[in-house]
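Please read all numbers here as calculations on a predicted model, not as lab measurements. The analysis underlying the following values was restricted to heavy atoms, covering all of them including side chains, and did not include hydrogens, waters or symmetry mates.
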Amino acid sequence: MNLNQHSPHPDHDSFELSAFSRGLYIGGAWRPAAGEARIEVIDPSTEAVITAVPDATLADAAAAVEAAARAAESWRETPPRKRSEILRRCFELMVERSETIARLISLENGKALRDARGEVAYAAEFFRWNAEEAVRISGEFGLAPAGGNRIVVDYQPIGICVLITPWNFPAAMATRKIAPALAAGCTVILKPASETPLTAYALAALYEEAGVPPGVVNVMTTSTPGPVIAAMLADPRVRKLSFTGSTGVGRTLLAEAAKNVISCSMELGGNAPFIVFDDADIDAAIEGLMVAKMRNAGEACTAANRIYVQSGIHDAFAEKFTRRMAALNVGPGADTDTECGPMITRKAVEKIERLVTDAISRGARALCGGRTLADRGFFYPPTVLVDVSPASDMGCEEIFGPVAPLYRFESEAEVIAAANDTEYGLAAYIYTRDIGRGMRVASKVEAGMIALNRGLVSDPAAPFGGVKQSGLGREGGQHHGIAEFMEAKYIATSF
């Protein structure tokens, strides 16, 4: 593991940060928060204050809902082809500005620039995909089984949507919600994470340039999300809540939304198993694991959290994998040679420390890493643990960091039971040369997404989401993502 010297970030002025923090974006206009308070944005690599953004109040929440309501009818009636062209222009502008957006993400989030570039490409793709799907929303027409009557089903926009996104993918989590909502004909209010708000505001300016009408997309940051979100959900004009974040917060939001019977989509926590059978290609499995574990330095809900390696190859796998992890360059996200950036906050580092300390106290051994880096910034080194007890805290909690615990297993039945021994069910990974075994195990592992001999599962063209405590609904996919923002209206007729 190599810790880079903390070289200075590119000149903050090159990002025109003032343009990304000039105000809340409501009704197509930039405005200060009603109370004029602001939220500081911290660079995780240096702990320095980058800038500050407005801290929205209940009055601002009401203004955002009003703006979305004013724009709703016009956007709903906008022809699908026109909506499609605007979404396509959003995609084109994101591609054109990809390097600037990636560097902004690295600055406020801390993720390695290579990961930030990958995120921007992924985020932009949701606009292209939904631009293509916007013109393919169709209804149904058929004869009732009893004959005589006709069944007509029309799909209509659900209404005003409140979208809440996390800090770990500030571009992709926003576009994964905004693009299908706009394609469906809905207006939205985005509440991005206060740790990484600059990307959301930068993209708001981009949407405006692409031709998104005022009020169709509104963006607001707040340090009091509970009351602000509750106020918006209490407005009868709001009909949809889409949230990506922790399971605990998701449960709270579901309870709040239930007060007004608001439709909810929830992409929540994960505890992904990564299963490697004896017959797997070890080198391919390690390459896949480096992606599944270390993308965004492990700060991802789909990150490999529990790595099960069959006993016949366990030791050889652990040795090769440790060499790869120990060789990673750790440093500021904006440095081009960084492979593992800092965690998002000091609190995040402290959680990782707690999980590693608990595992070691129960008999685990660190083959590399395992100790917090004594340096400015929220850094934790890539860490490999073996002899990890399944009873350790990291066996049931999301690690959300660059720590890879290895568990030895003997049989197929044993590893399936272990993989399913969690309240979560978002993603899972399986490596084997026996495709029959791979499909058999995939059918029995309780997860919404399975990567078979792949380390990357996400794709805008595929439905993203989990089972059990990992969420409700799906984002992306041929029709799943747009369907979350539409309601079916049945019309009975005869002629």
Trainee: Measuring only between side-chain heavy atoms, which start at C-beta, is Asn149 closer than 4.5 Å to Thr493?
Mentor: no
Trainee: Run the salt bridge (charged side-chain N to carboxylate O under 4.0 Å, His left out) test on Arg176 and Glu267 for me, step by step, so that the C-alpha distance in whole Å, both residues' side-chain angles and the decisive distance to 0.1 Å come before the verdict.
Mentor: CA-CA 11 Å; Arg176 194 164 75 184; Glu267 196 270 281; 3.1 Å; yes
Trainee: Are the side chain of Arg83 and the backbone N or O of Thr78 linked by a donor-acceptor pair below 3.5 Å?
Mentor: yes
Trainee: Whether the Asp55 and Ser223 side chains hold a donor-acceptor pair (N or O, under 3.5 Å, no angle test) is what I'd like checked.
Mentor: yes
Trainee: Looking at Ser74 and Ala71, would you say the former's side chain and the latter's main chain have a donor-acceptor pair under 3.5 Å?
Mentor: no
Trainee: Side chains of Glu119 and Pro170: closer than 4.5 Å at any heavy-atom pair?
Mentor: yes
Trainee: Under 3.5 Å, side chain of Asp235 to main-chain N/O of Met232, donor-acceptor pair present?
Mentor: no
Trainee: Evaluate the side-chain proximity of Cys396 to Glu423: yes if any heavy-atom separation is below 4.5 Å, no if none is.
Mentor: no
Trainee: Once rounded to the nearest 0.5 Å, what's the spacing between atom CZ of Phe243 and atom OG1 of Thr165?
Mentor: 9.5 Å
Trainee: Answer yes if the side chains of Glu484 and Ser265 hold a donor-acceptor pair under 3.5 Å, and no otherwise.
Mentor: yes
Trainee: Under 30°, 30 to 60°, or over 60°: which ring-plane class applies to Trp30 and Tyr25, parallel, tilted or perpendicular?
Mentor: tilted
Trainee: State the CD1-CD1 distance between Ile399 and Ile352, to the nearest 0.5 angstrom.
Mentor: 8.5 Å
Trainee: Does any part of the side chain of Leu113, heavy atoms only, come nearer than 4.5 Å to the side chain of Arg103, both counted from C-beta?
Mentor: yes
Trainee: I need the Glu125 CD to Asp459 CG distance, nearest 0.5 Å.
Mentor: 8.0 Å
Trainee: So do the side chains of Leu58 and Pro227 get within less than 4.5 Å of each other, counting heavy atoms only?
Mentor: yes
Trainee: Is there side-chain contact between Leu241 and Ile164, with at least one heavy-atom pair below 4.5 Å?
Mentor: yes
Trainee: Can we say Arg89 and Glu85 salt-bridge, meaning some charged N sits less than 4.0 Å from an Asp/Glu carboxylate O?
Mentor: no
Trainee: Please report the C-alpha distance between Glu209 and Arg97 in whole Å, then the side-chain angles of each, then the deciding distance to 0.1 Å, and finally whether the salt bridge (charged side-chain N to carboxylate O under 4.0 Å, His left out) criterion is met.
Mentor: CA-CA 12 Å; Glu209 184 179 347; Arg97 318 272 169 80; 2.8 Å; yes
Trainee: Keeping the roles fixed (side chain from Lys468, backbone from Thr422), state whether a donor-acceptor pair exists under 3.5 Å.
Mentor: yes
Trainee: If only side-chain N and O atoms count, and only distance matters, is there a donor-acceptor pair under 3.5 Å linking Asp115 with Asn296?
Mentor: no
Trainee: About how many Å separate CD1 of Ile105 and OG1 of Thr100, when rounded to the nearest 0.5 Å?
Mentor: 11.0 Å
Trainee: Measure the shortest side-chain to side-chain distance between Lys111 and Phe169 over non-hydrogen atoms and say whether it is less than 4.5 angstrom.
Mentor: yes
Trainee: What distance do Leu163 atom CG and Lys191 atom NZ have between them, rounded to the nearest 0.5 Å?
Mentor: 11.5 Å
Trainee: Distance check, rounded to the nearest 0.5 Å: Leu107 atom CG versus Thr46 atom OG1?
Mentor: 8.0 Å
Trainee: Working note: Leu426 + Phe464, criterion side chain to side chain contact (heavy atoms under 4.5 Å, CB included); need CA distance, chi angles, decisive distance, verdict.
Mentor: CA-CA 9 Å; Leu426 185 59; Phe464 188 105; 4.3 Å; yes
Trainee: Contact between Pro460 and Tyr122 at the side-chain level, heavy atoms closer than 4.5 Å - yes or no?
Mentor: yes
Trainee: Indicate, with yes or no, if the rings of Phe127 and Phe91 have centres closer together than 6.0 Å.
Mentor: no
